[in-house]
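These notes concern the structure reproduced below.
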Protein chains: 2
Amino acid sequence: MASRPMADTAARILDVAERLVQVQGFNAFSYADVAAEVQIRKASLHHHFPTKAALGQALIARYRARFSRALAEIHVGTSDARARLKAYARLYTGVLRKRRMCLCGVLAADFETLPGPMRQGVLAFFSDNEAWLAGVLEEGRRGKTLQFQGPASTLAAFVVSSLEGAMLVARSYGRVERFEAVVKKLLGDLQR
Amino acid sequence: MASRPMADTAARILDVAERLVQVQGFNAFSYADVAAEVQIRKASLHHHFPTKAALGQALIARYRARFSRALAEIHVGTSDARARLKAYARLYTGVLRKRRMCLCGVLAADFETLPGPMRQGVLAFFSDNEAWLAGVLEEGRRGKTLQFQGPASTLAAFVVSSLEGAMLVARSYGRVERFEAVVKKLLGDLQR
DNA sequence: GTCTATAACGAGATAGAC
DNA sequence: GTCTATCTCGTTATAGAC
């Protein structure tokens, strides 16, 4: 097939909208903002995503899929649990360096105003992450590279919410180091 | 002087607006929402708080002051560091039980869209909390009721962001127990 | 698929009477 | 201090031409 000088329009819309949501929140960005950046009219946006709720759902679905791929890649690129946890934390650091919040973390703040399908997607994102983390944690405990007590799933929930909170606060201060200190503490407590 | 029934109109406005922000976020609530609940016209709201930014600043100022009083009361009502930390966590649990997010936690999600004075207030809230916590943590370490390594201020920052994140995620799931599990883990790790 | 044009509504905010 | 009335602007969304 011939090369397409135009990147897929829907994908460009999602790229811009994703950043706007991560920076401003779901209720603070508008179709007009997206249209201006994508250099298209507002009406054309509605052709790709009929409603804001549909756009929101698409954003979450894509974010979850991308995160799942990243988690799978961690399993390929690393061999022990500690390295996997570090790589996991690096995913968050990368987002924060762009002065963005985790998409689903910021949507959690808007949670009560979201349509049902978006809510479900946000919770599914957290559950995805916790399931993956619980696997890595359990693996580390069995291999004696990590130490902790109680269910791995409980610890996984703790890690996810601590990282989300650390992103939230560190971004406000504009200090990525604040986030990195939290990561260090979390990892440190796992080898005691 | 005579009792002033007018004086508490401002307070009633703040009560309603505070709840709306905590539940919906700063950009999702409107003067119309507040007016309807307070049973007053929108125009009258502007008499008390000329702009939404001014209302936001007043919300933060009052929230900070109330929190400071609560922290001072913890010092009166408890005698050791562990009890103080538990009482501190209970402040958050009380908010979460009402299906609300911490006011400043939710404003942190909206941070990039906030006017300067509101941003400063949000950061000051976090700093207030961390300063208080650092004092309690250091006190506990000296009295051997708490164990941890490194600066108390770093640990205080960790605790604040973990609690904010735990509230954020637990509220989305509608599970206060999720938050309580995080509190238990944080406290448990401090006596090891 | 993108456009112009516009509908329909709600937002924050103001003027001025009472 | 509260009201009615209004302004101006931005919002999501739709109709229909090209």
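The model shown is predicted, which means the values in this text are computed figures rather than measured ones.
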Looking only at side-chain atoms of B/Lys42, point me to the closest of C/dG12, C/dA15, C/dT2.
C/dG12
Measure centre to centre between the rings of A/Phe67 and A/Trp132, then say whether the value is under 6.0 Å.
no
With heavy atoms under 4.0 Å as the rule, sort B/Ser44 into base, sugar-phosphate or nothing.
base
Surrounding CZ of A/Arg175 (heavy atoms of other residues, nucleotides or ligands, distance under 6.0 Å), is the total greater than 12?
no
Is any side-chain heavy atom of B/Leu163 less than 4.5 Å from a side-chain heavy atom of B/Leu186?
yes
Roughly, in whole Å, what's the span from OH in A/Tyr31 to P in C/dA7?
21 Å
Any heavy-atom pair between the side chains of B/Glu164 and A/Glu164 that's under 4.5 Å?
no
Is a salt bridge present between B/Arg178 and A/Glu130, judged by a nitrogen-to-oxygen distance below 4.0 Å?
yes
Measure CZ/A/Phe26 against C1'/D/dT11 and give the value in whole Å, please.
13 Å
For B/Ser30 and B/Asp33, which I'm curious about, is there any donor-acceptor pair between the side chains at under 3.5 Å?
yes
Here's a test of your reading of the structure: between A/Ala32 and B/Arg12, which maps to the more 5' nucleotide of DNA chain D?
B/Arg12
Between C1' on C/dA13 and CZ on B/Arg41, what's the gap in Å once rounded to a whole number?
17 Å
Presence of B/Thr9 side-chain N/O under 4.0 Å of D/dG1 phosphate oxygens OP1/OP2
no
Among residues 45-56 of chain A, which residues get a heavy atom nearer than 4.0 Å to DNA chain C?
A/His47, A/His48
Given C/dA11, C/dT2, C/dT4, identify the nucleotide with an atom nearest to the side chain of B/Ser30.
C/dA11
